[in-house]
Protein chains: 2
Amino acid sequence: MNLLTRNTDYAVRALIYMAGKAPERVSTADLLRDLRLPRPFMRKTLQTLQKAGYLDSVKGKNGGFSFLISPEKIVLNDLIVLFQGPVSMGDCLFRKKVCSCMRTCPLRKEIKTIESLALGHLRSVTVASLMR
Amino acid sequence: MNLLTRNTDYAVRALIYMAGKAPERVSTADLLRDLRLPRPFMRKTLQTLQKAGYLDSVKGKNGGFSFLISPEKIVLNDLIVLFQGPVSMGDCLFRKKVCSCMRTCPLRKEIKTIESLALGHLRSVTVASLMR
DNA sequence: TTTAATGATACCACCGTAGTATCATTTGTC
DNA sequence: GACAAATGATACTACGGTGGTATCATTAAA
Ligand code: FES
Ligand code: FES
């Protein structure tokens with residue numbers, strides 16, 4: 001079980017790198033020079049971040065990406081949601097009448113507790129808080 | 001992202017049901033009468049639990065399963081490990097020299113914290129503690 | 001005009017989860 | 001002993017998500 005998929009991880013690392021260079025514009029090529037990972041994948045990831053409104057982009061020569069939202073305001077949990085969907089560990093898998101409990105189910109309660117703890121942390125981490 | 005797979009969920013629910021009837025022996029058919037889920041899957045799940053040493057089994061007519069380890073000592077985390085592998089959310093996905101940090105990486109640190117919290121909970125929950 | 005960059009999109013491979021199928025073995029009951 | 005009811009063992013298929021690739025169009029600086 002992995003909390004972050006590769007995609008999210010790529011995104012976080014890219015953003016951290018970019019934050020280190022901000023407000024300078026950074027291209028995919030720049031990123032690949034330091035983070036050695038599959039180029040087309042990186043591109044896709046950046047495009048996703050751009051579409052989601054985190055990054056501004058400039059086409060053409062000397063183009064690249066820069067922050068539209070400052071690193072202090074980019075929250076880890078939002079990145080997870082963007083690339084993996086919402087963190088909800090506790091959905092009952094049997095909701096079609098099999099489960100009598102549902103609201104009182106102690107198993108769900110435990111899982112929801114864990115989920116809340118995790119979310120609390122994930123929502124308090126920003127890209128800025130990660131760069132040290 | 002789901003913390004428990006269906007398989008684990010089945011197992012937990014089956015064990016809770018069985019604990020309610022203990023020390024009576026329970027057959028797959030009994031379980032299916034109350035928990036309506038795919039029969040072959042349930043069977044496989046029970047066999048896994050038996051092989052893992054949680055359950056005793058008796059073949060033949062009036063056969064079925066009973067506890068070898070008491071419900072108080074069956075820990076949720078162990079069931080997760082059995083059916084899904086160890087809960088380790090924090091393995092760095094880039095360990096092949098890409099990551100300079102690794103031991104100091106703040107991202108890993110956050111995730112490891114969450115993992116520890118989750119594990120703490122999962123290790124404190126037993127089948128017995130779930131039946132109320 | 002060339003070249004370096006992104007935008008958009010479609011595609012493929014692998015693997016884990018979920019679920020199915022089959023046959024062998026044991027054991028109580030008539 | 002024959003039958004039925006149960007588990008043991010194991011092999012197989014289907015689907016979806018993750019990870020990764022490929023292509024072509026568009027923009028803009030030099
Ligand atoms: S297991 Fe589904 S609500 Fe309890
Ligand atoms: S992201 Fe791999 S150790 Fe920091």
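Each chain gets a letter, A, B and so on, in the order its sequence line appears, and its residues count up from 1.
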What residues, two or more places apart in sequence or in another chain, satisfy side-chain contact (heavy atoms from CB on, under 4.5 Å) together with B/S129? B/V125, B/T126, B/R132
Would you mind reading off the distance between B/L32 atom CG and D/dA6 atom C1', rounded to a whole angstrom? 13 Å
I need the CZ-C1' distance between B/R39 and D/dA6, as an integer number of Å. 9 Å
Find the distance A/D56:CG to C/dA5:P and express it as a whole number of Å. 17 Å
Would the distance check show the side chain of A/Q84 and the main-chain N or O of A/N7 forming a donor-acceptor pair, the cut-off being under 3.5 Å? no
Would you mind telling me which of B/L49, B/V26, B/L46 makes a side-chain contact (heavy atoms from CB on, under 4.5 Å) with B/F65? B/L46
Which side chain to side chain donor-acceptor pair (under 3.5 Å) pairs, counting each pair once, include a residue from residues 53-81 of chain A, with sequence neighbours left out? A/S70-A/E72
Could you check how far CG of A/D9 sits from P of D/dG20, rounded to whole Å? 11 Å
Taking the minimum atom-to-atom distance to the side chain of A/S57, which one of D/dG20, D/dG8, C/dG7 wins? C/dG7
For A/S116 and A/T113, which I'm curious about, is there any donor-acceptor pair between the side chains at under 3.5 Å? no
Which residues end up grouped with B/V58 if you chain together Ile, Leu, Val, Met, Phe, Trp and Tyr wherever their side-chain heavy atoms are less than 4.5 Å apart? none
Which whole-number value in Å describes the distance from B/L31 CG to D/dT7 P? 9 Å
According to ring pair (Phe, Tyr, Trp, His ring centres under 6.0 Å), does anything in residues 19-51 of chain A pair up with another residue at least two apart or in another chain? List the pairs. A/Y10-A/F41
Within this structure, what is the CD-to-P distance between B/Q47 and D/dA11, rounded to whole angstrom? 13 Å
Please state whether the phosphate of D/dG19, meaning OP1 or OP2, lies under 4.0 angstrom from any side-chain nitrogen or oxygen of A/Y10. no
Whole angstroms only, please: what is the CE-P distance between A/M42 and D/dG19? 13 Å
Out of C/dG7, D/dG8, C/dG19, minimum distance to the side chain of B/F41 belongs to C/dG19
Could you tell me which residues satisfy salt bridge (charged side-chain N to carboxylate O under 4.0 Å, His left out) with A/D30, sequence neighbours excluded, listed by chain and number? A/R33
Euclidean distance, atom CZ of residue B/F65 to atom C1' of D/dA5 [Å, nearest integer]: 13 Å
Show me the protein contacts with nucleotides 22-30 of chain D, counting only N or O atoms at under 3.5 Å.
residue : atom : partner : partner atom : Å
D/dT27  : O2   : A/G60   : N            : 3.1

List in chain and number order the residues that pass side chain to side chain donor-acceptor pair (under 3.5 Å) with A/Q47, two or more places apart in sequence or in another chain; answer none if no residue qualifies. none
Qualifying ring pair (Phe, Tyr, Trp, His ring centres under 6.0 Å) pairs with a residue from residues 15-39 of chain A, counting only residues at least two apart or across chains: none
Return each pair, listed once, that meets ring pair (Phe, Tyr, Trp, His ring centres under 6.0 Å) where at least one residue sits in residues 111-132 of chain B; pairs must be two or more places apart or across chains. none
Please list, pair by pair, any protein nitrogen or oxygen found under 3.5 Å from a nitrogen or oxygen in nucleotides 13-18 of chain D.
none

By side-chain contact (heavy atoms from CB on, under 4.5 Å), A/T48 pairs with (sequence neighbours left out) A/L82, A/F83
Net bend of the helix from C/dT1-D/dA30 to C/dC30-D/dG1, end axes of five pairs each, nearest 10 degrees: 10°
Between D/dT7 and B/T28, is there an OP1 or OP2 to side-chain N/O distance shorter than 4.0 Å? yes
Distance test, side-chain N/O of B/Q50 to OP1/OP2 of D/dT7, below 4.0 Å: no
